[in-house]
**Q** 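The structure's right below; bear with me while I get my questions together.
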Amino acid sequence: QVQLVESGGGSVQAGGSLTLSCAASVFANNMGWFRQAPGKGREGVAALTAFGTRTYYTDSVKGRFTISRDNAKKALYLQMTNLKPEDTAMYYCAARTAFGGSWYLPSDFGYWGQGTQVTVSS
C-alpha cells in the first residue's frame, strides 16, 4: 500500500512558476503526475522510472515542466515554469509498485494522492 500526499499547488499568473511535491509512504516503482481540468478526463503530464533513468512528458509541457524524484526522501516533484492558463487543473501524484504499463494511462497506476489545485490566470 502506497499513500501519496501532494502539496505546492496555488494560483499564479501566466508565465509564473510552481513546484509540486508528493510525499510517498513507501518506495514506489514508476511515479507520475496527472491532471484533470473541469469537464475533462485525467491526462498524464509527466512520469519517471524507479531511479529516474527515464522520463516522459506530454507534448504540451515539454520544455516547461521537469519531473524528478528523491528516493531517499520518498518524494516526487514537478517543477512547472512558464505556466499557461491551459495548465489550470487539479494535479495528482500517482504511483505503482508493479513493473510494466504505460506512463500516461491512469488505469496503469494503482495509487493516487488527493490532488492539489493549480490555477493560472491570464
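Just the heavy atoms: all of them, side chains too, but no hydrogens, waters or symmetry mates, feed the values below.
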**Q** Supply the atom-to-atom distance S17 OG to L83 CG, rounded to the nearest 0.5 angstrom.
**A** 6.0 Å
**Q** Identify the two heavy atoms, one from M80 and one from L20, that lie closest to each other, and give their separation to 0.1 Å.
**A** CE-CG, 3.7 Å
**Q** If you define the side chain from C-beta out and look only at heavy atoms, does anything of N71 sit under 4.5 Å from F27?
**A** yes
**Q** Return yes when atom CD of Q117 has more than 12 non-hydrogen atoms of other residues, nucleotides or ligands closer than 6.0 Å, and no otherwise.
**A**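 Yes - once you tally the heavy atoms of other residues, nucleotides and ligands closer than 6.0 Å, there are more than 12.
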**Q** So do the side chains of E43 and Q36 get within less than 4.5 Å of each other, counting heavy atoms only?
**A**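 Answer no - side chains too far apart.
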**Q** If I take atom CH2 from residue W103 and atom OG1 from residue T55, how far apart are they, to the nearest 0.5 angstrom?
**A** 10.0 Å
**Q** Give a yes or no answer on whether the side chain of Y57 reaches the backbone of I67 with a donor-acceptor pair at less than 3.5 Å.
**A** yes
**Q** Regarding N30 and T49, is there a side-chain donor-to-acceptor distance under 3.5 Å anywhere?
**A** no
**Q** Could you pull out the closest heavy-atom pair between L78 and A46, with the gap in Å?
**A**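 Answer, listing the atom of L78 first, then A46: CD1-CB, 4.2 Å.
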**Q** Would you say the rings of F65 and W33 are close, in the sense that their centroids are separated by under 6.0 Å?
**A**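 Here the rings of F65 and W33 have centres that are no less than 6.0 Å from each other.
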**Q** Are any side-chain N or O atoms of R64 and backbone N or O atoms of S60, one a donor and one an acceptor, separated by less than 3.5 Å?
**A** yes
**Q** Look only at the side chain of D70 and the backbone of K73, and say whether a donor-acceptor pair between them is shorter than 3.5 Å.
**A** yes
**Q** Examine Y111 and V26 and state if one hydrophobic cluster contains both, with Ile, Leu, Val, Met, Phe, Trp and Tyr joined whenever side-chain heavy atoms are less than 4.5 Å apart.
**A** yes
**Q** The test is side chain to side chain donor-acceptor pair (under 3.5 Å); show your working for N29 and T97 and say whether it passes.
**A** CA-CA 5 Å; N29 187 9; T97 54; over 6 Å; no
**Q** Report whether Y56 and L105 are members of the same hydrophobic cluster (ILVMFWY, side-chain heavy atoms less than 4.5 Å apart, transitive linking).
**A**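 Linked within one cluster.
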**Q** Enter the distance from Q3:CD to K74:NZ here, rounded to the nearest 0.5 Å.
**A**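 Rounded to the nearest 0.5 Å, the CD-NZ separation comes out at 12.0 Å.
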**Q** Hey, what do you get for CE (M31) to SG (C22), rounding to the nearest 0.5 Å?
**A** 4.5 Å
**Q** Got a donor-acceptor contact below 3.5 angstrom from the R96 side chain to the G101 backbone?
**A** yes
**Q** Could you check, using the six-membered ring where one of them is a Trp, whether Y104 and F34 have ring centers closer than 6.0 angstrom?
**A** no
**Q** Could you check whether any side-chain N or O of T88 sits under 3.5 Å from a backbone N or O of T119, counting only pairs where one atom can act as donor and the other as acceptor?
**A**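 No; zero donor-acceptor contacts below 3.5 Å.
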**Q** If I take atom CD from residue Q114 and atom OG from residue S7, how far apart are they, to the nearest 0.5 angstrom?
**A** 8.5 Å
**Q** With a 4.0 Å cut-off, would you call D59 and K62 a salt bridge?
**A** yes
**Q** Would V12 end up clustered with Y91 when hydrophobic side chains under 4.5 Å apart are linked, directly or stepwise?
**A** yes
**Q** Under a single-linkage definition using a 4.5 Å side-chain heavy-atom cutoff for Ile, Leu, Val, Met, Phe, Trp and Tyr, are Y92 and V118 assigned to the same hydrophobic cluster?
**A**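 No, because Y92 and V118 fall into different hydrophobic clusters, even though each may have its own neighbours under 4.5 Å.
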**Q** Report the distance from atom CZ of R42 to atom CZ of F109, rounding to the nearest 0.5 Å.
**A**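 Answer rounded to 0.5 Å: 12.0 Å.
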**Q** Could you tell me whether the side chain of E6 and the main chain of C93 form a donor-acceptor pair under 3.5 Å?
**A** yes
**Q** Under 6.0 Å from the CD atom of Q13, do we count more than 12 heavy atoms belonging to anything else shown?
**A**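 No, because the 6.0 Å sphere around CD of Q13 holds 12 heavy atoms or fewer from other groups.
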**Q** Can you name the nearest heavy-atom pair linking S122 to P85, along with the distance?
**A**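 In this case the closest contact between S122 and P85 is CB-CG, 3.9 Å.
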